[in-house]
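Worksheet for the structure shown next.
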Number of protein chains: 2
Amino acid sequence: MKHVTIKDVARKLGVSISSVSRAFNDKYDIKPETKARILSVADELGYRPNPIAKKLIKQQSLNIGIIVPEFINDFYARVIIGVQQVLIAKGYQVLIMQSDENPDLERNNTKTLLDNFVDGLIVCPINEHDNILYFKKQISQGVPIVFLGRISAGFIGSKIIFDDYKWSLFATEHLINQGYQTIYHLSGDPQFSVSKKRKAGFLKAMEKHKIPESNYKIIAAGLTAEAGELATTQLIQKEDVPEALFCINDPVALGAMKALRTYHINIPQDIAIVGCTETPMAPLAYPPLTSITQPAVEMGASAAELLLRQIEHGFNTPQTITFDGLLNIRESSTRPIVNS
Amino acid sequence: MKHVTIKDVARKLGVSISSVSRAFNDKYDIKPETKARILSVADELGYRPNPIAKKLIKQQSLNIGIIVPEFINDFYARVIIGVQQVLIAKGYQVLIMQSDENPDLERNNTKTLLDNFVDGLIVCPINEHDNILYFKKQISQGVPIVFLGRISAGFIGSKIIFDDYKWSLFATEHLINQGYQTIYHLSGDPQFSVSKKRKAGFLKAMEKHKIPESNYKIIAAGLTAEAGELATTQLIQKEDVPEALFCINDPVALGAMKALRTYHINIPQDIAIVGCTETPMAPLAYPPLTSITQPAVEMGASAAELLLRQIEHGFNTPQTITFDGLLNIRESSTRPIVNS
DNA sequence: TTGTACGCGTTATCAA
DNA sequence: TTGATAACGCGTACAA
């Protein structure tokens, strides 16, 4: 692809390159009719201003990097959509990388992005200790970073988070209010901040409603459907099936439901299920799954705006924006009326 | 973010910038010990070669654009993963844009990407007539483009496609072999090439197995779960429920299953369901859904490799690579043995 | 209102 | 083995 340059346009018209440049940048004085002539010839020649040369002068890449653990599930895909909505409108391009839940890859991705001179970074971190230190170092060296998702509340820095504690509490209380007595929580890796916060919300509900310790349990299952199916199968085989299950996310909940169906345990008659971070599957599941919607697109957009403020206005005070969710109550957790 | 430049390194050491440059580009002669000195000082200063300046000289952006209809469903997300695997390893960055099934947006995305001087384009087109002409024009102007997915077989140009006809035929034959007599096909927009090809495979199966015309029907439902649910509900209300349903994709199949459950029609006893373009939900559905896996990651990787050959070796002969799938037979289409 | 000339950070050519 | 210098394409003081 051979590109037409500003010189080609200038030569063709017998004007200087500065005039051509001015025709493309409104802020300078230029005779309207020469501008029109230039624009028309430029169009005819198929001239596009070379963004690379412009970036070299302006000392900014107009590239923003975003690192997500994955984007196969719709949550991070939606976050990316929100990020792009804001940034593309401002002339930025978004470089997306996946860490695949692997801390080494997360760090390598950061280096790749920094080698590409991105103007800033949105990181949806795995929240592994060493990497958090690494990010802190980058911030201290002047790299604008906004975190989104699994970042500890105590972390000093700009971040977009979801109020996991509160909504986990709500979801659990919904189960309690439906009259379920024994409630287990299928959690994720205990190290993940998201696991910790949802667990804390669950435990708060237990405390608040004075559920005896013998009636609840926390099981570190994982984040996948396979993990949910396995953990639930083990409970069934140990004959330790509670009346309700609050799962850390929808895939785990769907896996649990599959295991229960295999053993002909009825939902919600025998056991109630609640998921979290609602996926499009929730309303299509059998029975339709109660879950918590997270405003992923809005969170992504918010992260992008916060980052832009840092980059363009040097606004650098750490800021935390907390988002609320929505509990979508469906059949999987609606206790049927026993007798009337 | 103030960047350390090659000059800073040179000044600090009292050497010329050319020496620093040589230290970072193995192909030149340089005394090993000065190279070591330079590298160590560069590291200490936190110097990174500015990729933007490099791109300006090399006359390539090392950016590749990819346009997908969406990446909320996992198919295109996986395609992107395959594309990135190949391209990032070669030092490229991938700019991802969504057309949202909107031809205008597809064209605008292309312009944005071209304005950014991408070295090439991978397009997963909506396959709208005017835009195909537009892409043809770009190709004739020297823009390297590889298409993936919904592109007509007759289109002259490099493309990665899935053998929809063949696998649609297989899936339908699987239903016929299970003994289902009346089979409907929930299709998508009749204009889409994917709709046409899957429909053609379905019809071929009807012809091959001499199914009378009164026993089959093609319904243009759409591509979403809502579309599948609606179309199926209408069939139920018209009391026109077939013995089997071959759906254009998994969301449509899952929507259909939801409608059937609402009316207490049993799957697969009363009706069999087969989906397509398998999603992670297929094995988790109730009952587990028969579907066709498409090798999305491999298709993406293949598109990237084909594009690289065009860009780096000027290899320009239109090439079509066709991928095969896998029919995953599950409970939703397995006719129970009636009496034994 | 327009043109000249410098510089952004790098690579590559030539001379030393 | 090194250093000086001309590009790459553009924006922008400064001069005209």
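FYI, side chains are in, hydrogens and waters are out, and symmetry mates aren't considered; it's all heavy atoms of this structure. These numbers come from a predicted model, not from an experiment. In what follows, every chain begins at residue 1, and chains take the letters A, B, ... in the order their sequences are listed.
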Would you be so kind as to tabulate the donor-acceptor pairs closer than 3.5 Å made by side chains of residues 129-136 of chain A, with sequence neighbours excluded?
{"residue": "A/N131", "atom": "OD1", "partner": "A/R107", "partner atom": "NE", "Å": "3.2"}
{"residue": "A/N131", "atom": "OD1", "partner": "A/R107", "partner atom": "NH2", "Å": "3.1"}
{"residue": "A/N131", "atom": "ND2", "partner": "A/P103", "partner atom": "O", "Å": "2.8"}
{"residue": "A/N131", "atom": "ND2", "partner": "A/E106", "partner atom": "OE1", "Å": "2.9"}

**OP:** Would you mind reading off the distance between B/I52 atom CD1 and C/dC8 atom P, rounded to a whole angstrom?
**Re:** 14 Å
Sequence neighbours excluded and cut-off under 3.5 Å, please list the side-chain donor-acceptor pairs for residues 92-101 of chain B, or say none.
{"residue": "B/Y92", "atom": "OH", "partner": "B/E312", "partner atom": "OE2", "Å": "3.1"}
{"residue": "B/E101", "atom": "OE1", "partner": "B/R150", "partner atom": "NH1", "Å": "2.9"}
{"residue": "B/E101", "atom": "OE2", "partner": "B/R150", "partner atom": "NH2", "Å": "2.8"}

Subject >> Short side-chain donor-acceptor distance under 3.5 Å, A/Q294 and A/T277 >> reply: yes
Subject >> Pairing residues for B/Y76 by the ring-ring contact (aromatic ring centres under 6.0 Å, His included) criterion, not counting sequence neighbours >> reply: none
**OP:** Specify the separation, in whole Å, of atom CG of A/L13 and atom P of C/dT2.
**Re:** 12 Å
**OP:** Assign each of B/I30 and B/A53 to its nearest nucleotide of DNA chain D by heavy atoms, then name whichever residue's nucleotide is nearer the 5' end.
**Re:** B/I30
Subject >> Rounded distance (Å) that lies between atom P of C/dT10 and atom NZ of B/K7 >> reply: 9 Å
**OP:** Could you tell me which residues satisfy side chain to side chain donor-acceptor pair (under 3.5 Å) with B/Q60, sequence neighbours excluded, listed by chain and number?
**Re:** none
**OP:** Calculate the interatomic distance between A/Q59 atom CD and C/dT10 atom C1'; express it in whole Å.
**Re:** 12 Å
**OP:** Please list, chain by chain and in numerical order, all residues satisfying salt bridge (Lys or Arg N to Asp or Glu O under 4.0 Å) with A/K55, sequence neighbours excluded.
**Re:** none
Original post:
A/K35 has an atom NZ; how far is it from atom C1' of C/dT2, in whole Å?
Top reply: 15 Å
Original post:
How many Å lie between CZ on A/F117 and C1' on C/dG9, as a whole number?
Top reply: 9 Å
With a 3.5 Å cut-off and sequence neighbours excluded, list the donor-acceptor pairs that the side chains of residues 36-52 of chain B form with protein atoms.
{"residue": "B/R48", "atom": "NH1", "partner": "A/D115", "partner atom": "OD1", "Å": "2.7"}
{"residue": "B/N50", "atom": "OD1", "partner": "B/I52", "partner atom": "N", "Å": "2.7"}
{"residue": "B/N50", "atom": "OD1", "partner": "B/A53", "partner atom": "N", "Å": "3.4"}

Original post:
First and last nucleotide of DNA chain D touching chain B, 5' to 3', heavy-atom cut-off 4.0 Å?
Top reply: D/dT1 to D/dG9
Original post:
Under the 3.5 angstrom rule, does the side chain of A/T320 hit a backbone N or O of A/K159 as a donor-acceptor pair?
Top reply: no
**OP:** With sequence neighbours left out, write down each residue that passes side chain to side chain contact (heavy atoms under 4.5 Å, CB included) with B/N25, or none if nothing qualifies.
**Re:** B/S21, B/Y28
Quick test: give all pairs of protein nitrogen or oxygen and nucleotides 11-15 of chain C nitrogen or oxygen below 3.5 Å, distance rounded to 0.1 Å.
{"residue": "C/dT11", "atom": "OP1", "partner": "B/N25", "partner atom": "ND2", "Å": "3.2"}
{"residue": "C/dT11", "atom": "OP2", "partner": "B/S21", "partner atom": "OG", "Å": "2.6"}
{"residue": "C/dA12", "atom": "OP2", "partner": "B/Y28", "partner atom": "OH", "Å": "2.7"}

**OP:** Please give the angle, rounded to 10 degrees, between the axes at the start and the end of the helix from C/dT1-D/dA16 to C/dA16-D/dT1, where five pairs define each axis.
**Re:** 50°
Original post:
What does B/K55 touch in the nucleic acid at a heavy-atom separation under 4.0 angstrom: a base, only the sugar-phosphate, or nothing?
Top reply: nothing
Subject >> Which residues share a salt bridge (Lys or Arg N to Asp or Glu O under 4.0 Å) with A/D8, sequence neighbours left out >> reply: A/R11
Subject >> Partners passing side chain to side chain donor-acceptor pair (under 3.5 Å) against A/R78 (at least two apart in sequence or in another chain) >> reply: A/D74
